[in-house]
Number of protein chains: 2
Amino acid sequence: MARDDLNAGLLMFVAYRAMEKRVLDAIAAAGFDDITLAQARVFQRIGPDGTRLGELAEQAQVTKQTAGFLVDQLERAGYVERTPDPADARARLVRVAERGRTAGVVAAAVVAEVEGEWAAHLGARRMTQLREALGMLREITDPYRPR
Amino acid sequence: MARDDLNAGLLMFVAYRAMEKRVLDAIAAAGFDDITLAQARVFQRIGPDGTRLGELAEQAQVTKQTAGFLVDQLERAGYVERTPDPADARARLVRVAERGRTAGVVAAAVVAEVEGEWAAHLGARRMTQLREALGMLREITDPYRPR
DNA sequence: CTATATTCGTCAGATAATCTGACTATGAAC
DNA sequence: GTTCATAGTCAGATTATCTGACGAATATAG
């Protein structure tokens, strides 16, 4: 409500959204122009060996149903595939597919670019401190608990 | 895509969402249980002397139409009111109404509480550095330019 | 001053994202 | 081997969001 000293949450929103927009724009410019923001938010959480739907949902902070809805679309567009989970017949692993891998490379490059810009603006020291503080904050704010 | 070193944007998402959830839950618990997350995102940007719809939209990063839709609901629920803008007959100022003011007090208290927890976890020094870094980041990431 | 362009907000309609509740199949615990 | 919990899906409803078009008021150019 104040103009000058936004609360820490709001400040994070601004930077977080900027990163998100930069990445999505770059991906779209690279030809991956189907893929929405909501889909990307789920996609980016897929681990190298595949991730269960429930975990994606938890990390993206949406319901399993919503995550499933978005993964359906990512699957139809060729960004991901679902494979049975060897460890549990109820579960399926969402994996990055070929098209997704290519898009992921573009995304990673932009993330690095933006982080570089941030580091340049803050200076290496402050950027390191920022990462450290955010990492610590995660300990008390992340509802997702990897098992 | 990696589990351990999330990018800075993702880390901010986690903390930002945690703050958001804490505040919304507390507001709901205080009896303001109508008011959705999307509405709150617009509401919290209203300045002490009222703010134009367009500015709210810009800050919340949604279209004017979406902001208008949400303000309509906030207005019907008694959280805000619209008054003519003396400086421009096309515009209207969205102002916090009585009910909104009460909710705002609750919200501000929770924000302070959460920030206190963060400071306790990080230590005063790191919390200050975090604020500083985020404030600086805003200079290059905030699409909203107050006139 | 007028003519033109821009900005502010709204209306209308379509689409996307999200949720709650109910259900099946499988796995875990006693 | 019942009973309870978990993973995912189906169905339906609601909420949030966008694009496009518009009227009214303001700003700009000549």
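Both backbone and side-chain heavy atoms feed into the values below; hydrogens, waters and symmetry mates do not. A, B, ... follow the sequence lines: proteins, then strands. Residue 1 opens every chain.
Side-chain proximity of A/Gln73 to the nucleotides C/dA17, D/dT9, D/dG20 is greatest for C/dA17. For A/Lys64, taking side-chain heavy atoms from C-beta onward, the closest of the listed nucleotides C/dT18, D/dT9, C/dT7 is D/dT9. Nearest nucleotide to the B/Ala91 side chain, out of D/dA16, C/dC8, D/dG8: C/dC8. Ranking D/dT26, C/dA17, D/dT17 by closeness to the B/Asp88 side chain, first place goes to D/dT26. Distances from the side chain of B/Ala89 to the nucleotides D/dA25, C/dA17, D/dT17 place D/dA25 closest.
With rounding to whole Å, B/Gln61 atom CD is found 15 Å from D/dC18 atom C1'. Protein atom CD1 of A/Ile35 is 14 Å distant from nucleotide atom P of C/dA16, rounded to whole Å. Nucleotide D/dC18 holds its P atom 13 Å from the CG atom of A/Leu24, rounded to whole Å. One interatomic measurement links the two molecules: CZ of A/Arg52 to C1' of D/dA5, which rounds to 13 Å at whole-angstrom precision. Note: CD (B/Glu58) to C1' (D/dT17) measures 18 Å, nearest angstrom. As rounded to whole Å, 16 Å separates atom C1' of C/dG9 from atom CZ of B/Phe69. Distance CG (A/Leu37) to C1' (D/dT17): 11 Å, rounded to an integer number of Å. The interatomic distance linking B/Asp85 (CG) with D/dA25 (P) rounds to 14 Å, in whole Å.
Both A/Leu10 and B/Val114 are part of a single hydrophobic cluster, where members link through side-chain heavy atoms under 4.5 Å apart.
Side chain to side chain, A/Tyr144 and A/Glu55 meet the donor-acceptor criterion of an N or O pair below 3.5 Å. For B/Tyr79 and B/Glu75, the side-chain atoms include no donor-acceptor pair closer than 3.5 Å.
At a cut-off of 3.5 angstrom, the base of D/dG12 holds no donor-acceptor pair with the side chain of A/Gln65. In this model, no side-chain donor or acceptor of B/Arg90 finds a partner on the base of D/dT26 within 3.5 Å.
Here A/Gly54 lies in heavy-atom contact (under 4.0 Å) with sugar-phosphate atoms only.
Listed pair A/Thr36 / C/dA16 fails the phosphate criterion, with no side-chain N or O lying under 4.0 Å from OP1 or OP2. Within the 4.0 Å cut-off from OP1 or OP2 of C/dC8, not a single side-chain nitrogen or oxygen of B/Arg82 is found. Between B/Thr66 and D/dA16 there is no side-chain N or O to OP1 or OP2 distance below 4.0 Å.
Judged by the 6.0 Å and 45° rule, A/Arg45 forms a cation-pi pair with B/Phe13.
When each of A/Ala87 and B/Asp72 is assigned the nucleotide of DNA chain C with its nearest heavy atom, B/Asp72 is the one assigned upstream, toward the 5' end.
Under the 4.5 Å side-chain criterion, counting only non-hydrogen atoms from C-beta, B/Ile46 is in contact with B/Val80.
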